[in-house]
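First up is the structure itself, then whatever we jot down about it.
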Amino acid sequence: MSETTFSAVAVLCDTLARTASRREKIRLIKEFLLRLKEDEIAPAVAQIIGTIFPEDASTNLEIGYSTVKRISERKRQTTLFPAPLTILEVREYLNEIAALQGSGSRERKEKLLESLLGRAGSLEVSYIIRMIFKEMEHGVSEGLMLEAIAEAARVEPELVSRANMLSADIGEVARIAILKGRTELEKIQLVLFRPVKPMLAEMAYSIDEVFEEGSLWAFEYKFDGARIQIHMRGKDVRIFSRRLSDVTSSLPEIAELARELGVEEAVLEGEAIAVKDGRPLPFQELMRRFRRVHEIDAARMVVAVRLYLFDLLYRDGKTTIDMPYTARRALLAEACPSLLAEMVITQDRAKAEVFLKRALDEGHEGLMAKAPDSPYTPGKRGKKWFKLKPCGYP
DNA sequence: ACTGATGCGTC
DNA sequence: GTCGGAC
DNA sequence: GTCCGACGACGCATCAGT
């Protein structure tokens, strides 16, 4: 079996763009995946949905609109390679571009991209550029791709979805699902120091709106900061951002707090916010700290950062995401009583209103409302978590 | 050593 | 993060 | 209800050019 061309990916994407039906899109992708060679599955999946690199990888192309525009304005070089681009070659080009850094790297990135595009036909060029901007415009992103992978592998969509939540590498999930099947897929678990996608919340604008979806809710302050996920084994601590990048070095005082917990193994989740005199500072103040790599000590003096923890996803060898919120919360309280975000469980709307008013008075954004019996569903948005931001407030 | 252009990631 | 639109 | 695509403000990092 010969290697699959990138042209095949581009043609698939083009067909997807002209296909409205979800079912049909899924079928097209499934058929395509099943025809690929083993080592083509992961890169092809990434290329089709335009992600290119795993979500927790720090690799980046650093190619943007300006660079692409410059290349396209230059006279296109005639193709010197008679051989068509393959899926694997495109991946190699992009890996190489991402790996370049240091003096002269921008120019070399540009040249490398130019030579990649020079080897591509017009449809391929179009989709390579869409990949760079993550704007595939064919109506297929992670959700439909996961369904297609499930069909190709003949397993339940929930199993694929769960594996993807826990590994944050959809290409790898596809490879395992299709080549190894159910047993290996089920073995994908939360692994310490490999971040998982944070659970998401829906918007609500009033307490009443929340209580329409349930009678008992756990409320927490909604902090105006940045979501972080802390992985730790003893003194070994890594802090991950919402998009799973490693921000440990930017937040030394938070890493230190984690080390002092004296917890064997844990994955903790919380919010980092900038504070002064016990009051929260605007989000922009936190941004002066959040991804900083230079002069961190000086920045620490200017902007103090506080940590509020509100969830626990893993403890001493065991994943806790399937436990109800209240049970995870209890484990969290036991592991780190000092850093807990305040929480009120109630079915009383008036009590919730009082808590909301307090949150706003103290300078926070509003409340989070969480269903007490709900498991932690990484990367998912549903009616289990609400962010409650009343209109009319700043 | 400094400034501007470009790209990325947070909300 | 928000928003609207397609299914 | 869910997913997808298009959008904005802001601050920092890195590299290019002087």
Side-chain angles (χ1 to χ4, degrees), chain A residues 16-17 19-26 48-53 55-71 97-110 113 130 132-148 157-158 161 164 195 198 200-205 213 222-229 239-247 249-251 271-274 280-296 298-299 302-303 305 364-366 368 377 379-384 386-387 389 391:
Chain A
L16 291 171
T19 304
S21 153
R22 281 171 54 96
R23 295 308 323 163
E24 181 62 9
K25 283 180 203 269
I26 290 169
I48 292 166
I49 63 174
T51 56
I52 311 183
F53 304 113
E55 297 187 57
D56 60 340
S58 50
T59 39
N60 238 312
L61 288 177
E62 291 165 305
I63 297 284
Y65 175 75
S66 307
T67 310
V68 169
K69 185 162 175 252
R70 255 197 317 277
I71 292 174
I97 292 172
L100 287 170
Q101 53 181 13
S103 185
S105 62
R106 292 292 164 93
E107 195 181 349
R108 286 163 70 204
K109 281 172 189 276
E110 193 171 323
L113 178 60
R130 292 180 203 217
I132 291 171
F133 291 111
K134 298 180 174 55
E135 290 170 358
M136 302 305 286
E137 299 175 322
H138 53 29
V140 178
S141 192
E142 199 173 87
L144 290 192
M145 179 57 79
L146 289 170
E147 291 189 45
E158 293 74 21
S161 173
N164 183 56
L200 305 172
E202 285 194 13
M203 183 64 87
Y205 299 96
E213 301 294 337
K222 183 180 191 314
F223 304 102
D224 189 11
R227 191 96 174 257
I228 57 174
Q229 191 177 112
I239 305 171
F240 298 97
S241 73
R242 169 172 174 160
R243 302 242 180 118
L244 315 186
S245 61
D246 189 326
V247 294
S249 59
S250 303
L251 305 169
E271 189 94 356
I273 69 168
L281 293 174
F283 173 73
Q284 288 86 337
E285 294 300 310
L286 178 73
M287 285 302 103
R288 297 170 65 186
R289 290 286 318 274
F290 197 61
R291 291 167 57 238
R292 180 178 280 277
V293 297
H294 301 303
E295 301 179 285
I296 290 169
V302 181
V303 181
V305 171
H364 301 291
E365 272 197 312
M368 297 297 298
T377 52
K380 290 277 183 194
R381 195 186 305 278
K383 299 209 172 300
K384 299 300 183 182
F386 286 97
K387 44 189 165 185
K389 284 200 274 191
C391 15

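What's counted below: heavy atoms across the whole structure, side chains too, no hydrogens, waters or symmetry copies. Here is the naming used below: chain letters follow the sequence lines, and residue numbers restart at 1 for every chain.
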To the nearest 0.5 Å, what is the distance between [atom1] ([X]) and [atom2] ([Y])?
X	Y	atom1	atom2	value
A:His294	A:Ser249	NE2	OG	10.0 Å
A:Glu24	A:Thr19	CD	OG1	6.0 Å
A:Leu61	A:Ile52	CG	CD1	4.5 Å
A:Ile296	A:Arg289	CD1	CZ	7.5 Å

Where chain A begins and ends its contact with DNA chain D, read 5' to 3' at 4.0 Å from heavy atoms: D:dG1 to D:dA16
Sugar-phosphate only, base, or nothing, as touched by A:Gly102 at under 4.0 Å among non-hydrogen atoms: sugar-phosphate
Sugar-phosphate, base or nothing in reach of A:Leu286, heavy atoms under 4.0 Å: nothing
Restricting both atoms to N or O, compile the protein contacts to nucleotides 9-11 of chain B shorter than 3.5 Å, with distance only.
from	atom 1	to	atom 2	distance (Å)
B:dG9	OP1	A:Asn60	ND2	2.7
B:dG9	O4'	A:Arg291	NH1	3.3
B:dG9	O4'	A:Arg291	NH2	3.3
B:dT10	OP1	A:Ser241	OG	2.3
B:dT10	OP1	A:Ser245	OG	3.4
B:dC11	OP1	A:Arg227	N	3.0

Would you mind writing out the side-chain donor-acceptor pairs for residues 134-145 of chain A within the sub-3.5 Å range, not counting sequence neighbours?
from	atom 1	to	atom 2	distance (Å)
A:Glu137	OE1	A:Arg130	NH1	3.4
A:His138	ND1	A:Val140	N	3.2
A:His138	NE2	A:Ile48	O	2.8
A:Glu142	OE1	A:Asn164	ND2	3.2
A:Glu142	OE1	A:Lys197	NZ	2.5
A:Glu142	OE2	A:Lys197	NZ	3.1

Whole Å only: how far is the [atom1] atom of [X] from the [atom2] atom of [N]?
X	N	atom1	atom2	answer
A:Lys69	B:dT6	NZ	P	9 Å
A:Glu107	B:dG7	CD	P	15 Å
A:Arg106	B:dG7	CZ	P	7 Å

Heavy-atom protein contacts under 4.0 Å, nucleotides 2-7 of chain C, coded B base, S sugar-phosphate only, - none: SS---S
Heavy-atom side-chain contact between A:Arg291 and A:Ser241 under 4.5 Å: no
side-chain hydrogen bond (donor to acceptor under 3.5 Å, both in side chains) partners for A:Arg243, two or more places apart: none
Carboxylate-amine/guanidinium proximity below 4.0 Å for A:Glu202 and A:Arg381: no
Atom of A:Ser161, atom of A:Leu146 and distance for their closest heavy-atom approach: CA-CD1, 4.4 Å
Aromatic ring pairing A:His364/A:Phe223, orientation class (parallel under 30°, perpendicular over 60°, tilted between): perpendicular
All side chain to side chain contact (heavy atoms under 4.5 Å, CB included) counterparts of A:Glu213, not counting sequence neighbours: A:Trp217, A:Lys383, A:Phe386
Which residue lies more 5' along DNA chain D, comparing A:Leu100 with A:Glu285 via nearest heavy atoms: A:Glu285
Residue closer to the 5' end of DNA chain D, A:Gln284 versus A:Met136 (nearest nucleotide): A:Met136
Short side-chain N/O contact to B:dG7 OP1/OP2 from A:Ser66, under 4.0 Å: yes
